[in-house]
Amino acid sequence: MPELPEVESIVRGLRPFLEGASLVSSKFFRTDLREPVPVAGFTQICIDTPICRVFRRSKNILLETSQ
């Protein structure tokens, strides 16, 4: 598990590339993390939706979209 400063560095590195970009596909390796991931619903909502913000909450990297 990465330490908090490493996660913040990754977020700062990803931010210029991801903010304003859109996802074109998604692939899930595990859907049984903290809560089950609704793969079909995620794909319908997030594909071709611009990413508004890349940020960190604790050690999680989050991508915020307009939906």
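Note: hydrogens, waters and symmetry copies are ignored here, and every other heavy atom, side chains too, is used. One is the number of the first residue; the rest follow in order along the sequence.
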Separation between CD (Glu64) and CD1 (Ile51), nearest 0.5 Å, reads 11.0 Å

If you measure from CD on Gln44 to OG1 on Thr49, what distance do you get to the nearest 0.5 Å? 11.0 Å

Would you please test Ile47 and Val24 for side-chain contact (heavy atoms from CB on, under 4.5 Å) and show each step? CA-CA 6 Å; Ile47 300 300; Val24 294; 5.7 Å; no

Leu18 side, atom CG; Ile61 side, atom CD1 - distance, nearest 0.5 Å: 9.5 Å

From Leu63 atom CG to Arg53 atom CZ, the distance as rounded to the nearest 0.5 Å: 11.0 Å

Measuring only between side-chain heavy atoms, which start at C-beta, is Leu62 closer than 4.5 Å to Val54? no

Taking all non-hydrogen atoms of both residues into account, name the closest pair between Gly20 and Pro50 and its distance. O-CB, 4.4 Å

So, using ring-ring contact (aromatic ring centres under 6.0 Å, His included) as the criterion, who are the partners of Phe55 when residues are at least two apart? none

Quick one: OG on Ser26 to CD1 on Ile45, what's the gap to the nearest 0.5 Å? 11.5 Å

Note: Pro2 and Val7 closest approach over all heavy atoms is CG-CG2, 3.9 Å

If you count heavy atoms of other groups shown closer than 6.0 angstrom to CZ of Arg56, is the number above 12? yes

How long is the span from the NZ atom in Lys59 to the CD atom in Glu6, to the nearest 0.5 Å? 8.5 Å

Taking all non-hydrogen atoms of both residues into account, name the closest pair between Ser66 and Cys52 and its distance. N-SG, 3.6 Å

